[in-house]
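Report on the structure given below.
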Amino acid sequence: KEFLVEISGTTVTITCPLTTDSISWKLTGMKDGSSEKKYVIENHDSSPTNVSCSAGEKKYEMYLNARVCTNCEELDALAVTGIITADLLITFGVLILVYYFSKNRKGRASAGAGSRPRGQKMQRPPPVPNPDYEPIRKGQREVYAGLESRGF
């Protein structure tokens, strides 16, 4: 059998697994409790403690390490599921909006400073030749007459 521990805000309620009416509770760091089946700790400070309940020869012990807070909200599974579903729907909605708006902008020419016209592709003119490396033309052989072919 096991203890039943319920936490709500800063209140911790512990139910002993024994079925008798007179139960003695012992908690480390606290005064001995009542003789009822449930032991209620008001304003628990989240400090770990050893809890034991006994009746006659039977004794049950437990290590209680319950984290409590004053302004916590308790959420059931339905609320958590609803929050996650709403978040996913909003995310997918924004994703679809961004997709459709970016899809429509592809065909338009932007008028930005660094953009070039999207009409016909302009070919670049050939580079200006360097006069030091001009090809030999007919009638200009005397310019290159001083150059003799060398034998290898």
Side-chain angles (χ1 to χ4, degrees), residues 1-136 147 149-150 152:
K1 296 182 177 182
E2 297 179 348
F3 284 91
L4 176 66
V5 179
E6 300 171 26
I7 301 171
S8 178
T10 58
T11 303
V12 178
T13 305
I14 307 167
T15 305
C16 184
L18 293 171
T19 55
T20 60
D21 291 334
S22 60
I23 297 173
S24 64
W25 291 90
K26 290 188 180 176
L27 284 83
T28 55
M30 297 183 190
K31 57 184 178 181
D32 290 348
S34 64
S35 61
E36 295 180 14
K37 187 170 176 122
K38 290 187 177 185
Y39 186 78
V40 179
I41 305 171
E42 296 283 339
N43 298 321
H44 183 58
D45 59 355
S46 297
S47 61
T49 183
N50 289 317
V51 179
S52 67
C53 66
S54 60
E57 297 176 8
K58 291 188 176 182
K59 183 177 184 180
Y60 287 94
E61 294 182 347
M62 172 182 75
Y63 178 74
L64 178 68
N65 190 6
R67 304 278 302 169
V68 297
C69 59
T70 56
N71 54 0
C72 295
E73 290 292 327
E74 295 180 25
L75 295 176
D76 57 344
L78 184 64
V80 172
T81 305
I83 290 170
I84 292 172
T85 303
D87 182 37
L88 288 174
L89 288 174
I90 290 171
T91 303
F92 285 130
V94 169
L95 186 71
I96 290 169
L97 285 173
V98 168
Y99 173 75
Y100 280 115
F101 279 118
S102 66
K103 185 178 177 182
N104 290 338
R105 299 191 96 201
K106 283 183 183 176
R108 297 182 192 158
S110 60
S115 66
R116 41 176 213 211
R118 291 196 174 243
Q120 293 179 336
K121 288 191 175 183
M122 303 290 286
Q123 290 184 353
R124 281 194 256 161
V128 178
N130 189 339
D132 294 336
Y133 298 102
E134 285 186 22
I136 300 174
L147 298 174
S149 62
R150 298 181 184 175
F152 290 100

Just verifying a value: how many Å separate [X] [atom1] and [Y] [atom2], rounded to the nearest 0.5 Å?
X: Ile7; Y: Cys69; atom1: CD1; atom2: SG; result: 10.0 Å
X: Glu2; Y: Met62; atom1: CD; atom2: CE; result: 10.5 Å
X: His44; Y: Leu64; atom1: NE2; atom2: CG; result: 5.0 Å

ask   = Which pairs count as salt bridge (Lys or Arg N to Asp or Glu O under 4.0 Å) when at least one residue sits in residues 54-72, sequence neighbours excluded?
value = Lys59-Glu61
task = Give the intermediate values and the outcome of side-chain contact (heavy atoms from CB on, under 4.5 Å) for residues Val51 and Ile14.
result = CA-CA 9 Å; Val51 179; Ile14 307 167; 4.0 Å; yes
Could I get the full list of side-chain hydrogen bond (donor to acceptor under 3.5 Å, both in side chains) partners for [X], not counting sequence neighbours?
X: Thr13; result: none
X: Asn43; result: Thr10
X: Ser46; result: none
X: Asp45; result: Ser47

request  = For the pair Tyr39 and Leu27, evaluate side-chain contact (heavy atoms from CB on, under 4.5 Å) and give the outcome as yes or no after the intermediate values.
outcome  = CA-CA 10 Å; Tyr39 186 78; Leu27 284 83; 3.5 Å; yes
Output all residues satisfying side chain to side chain contact (heavy atoms under 4.5 Å, CB included) with [X], sequence neighbours left out; order by chain, then residue number.
X: Glu42; answer: Thr11, Val40
X: Tyr99; answer: Lys103
X: Pro17; answer: Lys1, Phe3, Cys53, Tyr60

key: Contact summary for Gly9 and Val68, nearest pair of heavy atoms   = O-CB, 3.3 Å
ask   = For Thr28, does its backbone N or O pair with a side-chain atom of Thr49 as donor and acceptor, under 3.5 Å?
value = yes
message = Closer than 3.5 angstrom, by distance alone: can the side chain of Lys37 be matched with the main-chain N or O of Thr15 as a donor-acceptor pair?
response = no
Enumerate donor-acceptor pairs with a distance under 3.5 Å from any side-chain N or O in residues 75-87 to protein atoms, sequence neighbours excluded.
{"residue": "Asp76", "atom": "OD1", "partner": "Ala79", "partner atom": "N", "Å": "3.2"}
{"residue": "Thr81", "atom": "OG1", "partner": "Ala77", "partner atom": "O", "Å": "2.7"}
{"residue": "Thr85", "atom": "OG1", "partner": "Thr81", "partner atom": "O", "Å": "2.8"}

remark   = Per side-chain contact (heavy atoms from CB on, under 4.5 Å), Phe92 is matched among Leu95, Val94, Leu89 by Leu95
Criterion side-chain contact (heavy atoms from CB on, under 4.5 Å) on Trp25 and Ser54, from CA distance to verdict = CA-CA 7 Å; Trp25 291 90; Ser54 60; over 6 Å; no
